[in-house]
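Okay, so here's the structure we're looking at.
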Amino acid sequence: MPATRKKSSPPKSLRTADRLARLGLSTDMALVLHLPMRYEDETQRHSISDAARQYGQSVQIEGVVTGCDVQYRPRRQLVVTITDDTEQLTLRFLNFYGSQATQMAVGKRLRVRGEMREGFFGLEMVHPAVRSVDIDTPLPDALTPVYPAGEGLSQTLLRKAIDAAMTRIDASDTLPDAMREKLRLMPFSEAVKVLHHPPPEVDENALSERTHPAWIRMKFDELLAQQLSMKRAQAARRQQGAPVLASPGSLTGLLTKALPFSLTSAQQRVLEEIRVDLAAPYPMQRLLQGDVGSGKTVVAALAATQAIDNHYQTALMAPTEILAEQHFRKIAGWLAPLGVNIAWLTGSLKKREKEEARARIENGTAQLVIGTHALIQQDVDFARLGLVIVDEQHRFGVAQRLTLRNKGIDSVPHQLMMSATPIPRTLAMTYFADLEVSVIDELPPGRTPVITRLIAQERRDEVIARVHAAAKEGRQIYWVCPLIEESEALQLQTATETYAMLTAALPDLRIGLVHGRLKPAEKQQVMEAFAQGELQVLVATTVIEVGVDVPNASLMVIEHAERFGLSQLHQLRGRVGRGTDASACLLMYQGPLGLIAKQRLAIMRETADGFEIARRDLEIRGPGEFLGARQSGQAMLRFADLEQDQWLVEQARDIAQHLLVNEPAIADAHLARWLGAKEDYLRV
Ligand code: ADP
Ligand code: MG
């Protein structure tokens, strides 16, 4: 190899292809579906003197280069002067390639776009976009697309690649004309043309707001692909074998008899739905939704007994150790007396304990396994896993859910996901498109509604007095400390300070403190003491947000309630009102509150319905935040917006259903166009 040849420098064209591939643009169709994020208006040109009056705005001028030098002060830069007979303009480039100096050699004609400013030596532009033109190069008569670009990919290069791809693709419609017209959708070929090369008369606003019919078509197509893919995944799932957990047997009967209460009719209904699924030869994937306190745990336990009755294991996974512990306690309390072998597995177990638990899981002695993420670790093998229950499922990532599902040996276990967080309709239709949904829409009887009051922080003394009075009546109190977004350490500090303050103010009360930094065993000890009534007041951070169940607690104080999300406040409030005592929730806030903050807290006072609260919270916060962007389904969509385009989601769902049943070939073609290699990614 000649020594002069540069080290590992691939041919230029290959590098471009690589870079395009890195953006996922390795096919012509992918390129064509790489749609502009915005447009620039290069249809206007100003004289330099004219442009000089438009400070701070992006303008386009044209002129001939009169000077082109590299300067070294104040730092290395390429300085180019151009003139157009009206005035002279200096262009500065701090980072530049040698080729740029050639492009901008003296005598060349340039079209330049940038922001005009008054420099020390007169008019200048820093880092303008530059292109060489001839004296008769026409101005574009359409908006110029600006594409999402990656490293080393210029707009020019992307435009070229996309334009070339446009000429090569088969842009025929995936939808039959009649259907397309009925849906009032623009033809696909026309839509891509408009988006990549908007005609001069295009409605620019509609284009940038993405409400233009061309955008609508692309969004519809994207949503349709998503719906098709999800429904196909659902069908594929039905092809997989799952253990047939036929009707419930003796253990289920024993548990039902042993329960200190009878199921609500809502619980009975969802349990029936689950039972039917479990008895099917393909894996259940059911989401069980129920407001805080609606009694999901007992439904989970009765699903588990059905698996155990059929000689299969059940795994129950919770997002936090505290929550897993609660489940363990509650469910073991019901099932251990009936002779069920229950294993407990979390990250904090000692090595020996873990090994012992793993051995019981592996040899099948453990019939029910309760724990945290530790359950999905690679080295846990189940002998006969039949049912996986995931509590507060939205706190787990898709991947984590799938891992547990893959723990079945020769069949896929049934999956029951539980959530107290109601999922908005559009999300349910996209992210959860292939889940069946059961809803417990009724609370167990005997609950007294929680009275909610808003109290200014200044009245803390009154609140403390109220806590004292409640404790003297034998009731228990949660005191939740403010959420401090930036810092867990700060949150911890306030909790510690509040604990010290309350201990000093109420020396005759037994007060405990629980927060995220405690060791699991310590946490457990404090929670246990509170659950047993040894502690009267529990000062806590948001670690108690989910699942904690202490029926005797009937007063909840939340400091700086204005810093919490509504759904979070609802979850916290749900920790009280679980017994027969009248319960109260005191939301302390730091005034003065803005109008929106006031409205939000007022919602908490007005309604106790978690679904209603979530709906209103969603209005304020948007769905991205709702489930975390990565899982929200929005993350999989490039063009459609779940909120704004809800009607399109519904249309796409109906059409997807129709196509899969009646015109599978069209469904195939549409999926191939839109997903290509991405299909797996959508198959959550
Ligand atoms: P969540 O749905 O929030 O997980 P839990 O399962 O923790 O609710 O149930 C809340 C409380 O209600 C628990 O103490 C549970 O034992 C009790 N419970 C559940 N179902 C019933 C019922 N049908 N009647 C009375 N109490 C019930
Ligand atoms: Mg629960």
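The residues of the chain are indexed from 1 along the displayed sequence. Counting starts at 1 for both ligands and their atoms, in listed order.
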(request) Look at ligand 1 and say whether Gly293 reaches it with a heavy atom at a distance under 4.0 Å. (result) yes
(message) For ligand 1, which is the ligand I care about here, please tell me if Trp334 has any N or O atom under 3.5 Å from one of the ligand's N or O atoms.
(response) no
(request) For the residue pair Gln525 and Leu518, establish whether any side-chain heavy-atom pair is separated by less than 4.5 Å. (result) no
(message) On a heavy-atom basis, which atom in Thr541 and which in Ala495 lie closest, and how many Å separate them?
(response) CG2-CB, 3.8 Å
(request) Specify side chain, backbone, both or neither for Leu263, according to which of its non-hydrogen atoms lie closer than 4.0 Å to ligand 1. (result) backbone
(request) Go through ligand 1 atom by atom and flag the ones less than 4.0 Å from a non-hydrogen atom of Lys330. (result) 13 (C), 14 (O), 15 (C), 16 (O)
(message) Ring-plane angle category for Trp344 and Phe328, please: parallel below 30°, perpendicular beyond 60°, tilted otherwise.
(response) tilted
(message) I'd like to check which ligand 1 atoms, numbered from 1 as shown, lie under 4.0 Å from a non-hydrogen atom of Ser262.
(response) 22 (C), 23 (N), 24 (N)
(request) Indicate, as side chain, backbone, both or neither, the part of Pro551 found under 4.0 angstrom from ligand 1 when only non-hydrogen atoms are considered. (result) neither
(request) Report yes or no: do Thr365 and Asn363 form a side-chain donor-acceptor pair below 3.5 Å? (result) yes
(request) Report yes or no: does Ala300 have a heavy atom closer than 4.0 Å to ligand 1? (result) no
(message) Taking distance alone, with N or O pairs closer than 3.5 Å, would you say Gly295 contacts ligand 1?
(response) yes
(request) Check whether any heavy atom of Gln326 sits under 4.0 Å from an atom of ligand 1. (result) no
(request) Heavy-atom distances under 4.0 Å are what count here, so tell me which part of Met418 touches ligand 1: side chain, backbone, both or neither. (result) neither
(message) Does any part of the side chain of Trp479, heavy atoms only, come nearer than 4.5 Å to the side chain of Ile464, both counted from C-beta?
(response) yes
(request) Only heavy atoms count here, so choose which of His327, Lys296, Arg575 is nearest to atom 2 (O) of ligand 1. (result) Lys296
(message) I'd like to check which ligand 1 atoms, numbered from 1 as shown, lie under 4.0 Å from a non-hydrogen atom of Val292.
(response) 3 (O)
(message) If the cut-off is 4.0 Å to any non-hydrogen atom of Ser294, which atoms of ligand 1 fall inside it?
(response) 2 (O), 8 (O)
(message) Looking at Lys351 and Glu355, is there a salt bridge between them, counting it only when a charged N and a carboxylate O are closer than 4.0 Å?
(response) yes
(message) Give the atom numbers and elements of ligand 1 that come within less than 4.0 Å of a heavy atom of Gln267.
(response) 19 (C), 20 (N), 21 (C), 22 (C), 23 (N)
(request) From the options Glu353, Gln524, Glu321, Lys519, select the one residue that forms a side-chain hydrogen bond (donor to acceptor under 3.5 Å, both in side chains) with Ser348. (result) Glu321
(message) One thing to verify: whether Asp508 and Lys472 come together as a salt bridge, which I'm taking to mean a side-chain N less than 4.0 angstrom from a carboxylate O.
(response) yes
(request) For Thr264, counting its heavy atoms only, list the atoms of ligand 1 lying under 4.0 Å from any of them. (result) 23 (N)
(message) I want to check something: taking the side chain as every heavy atom from C-beta on, are Leu513 and Val526 in contact at a cut-off of under 4.5 Å?
(response) no
(request) Number the atoms of ligand 1 from 1 as they appear, then name those within less than 4.0 Å of a heavy atom of Thr297, with their elements. (result) 4 (O), 5 (P), 6 (O), 7 (O)
(message) To check you understand the geometry: which heavy-atom pair defines the closest contact between Pro413 and Leu387, and what is its length?
(response) CB-N, 4.1 Å
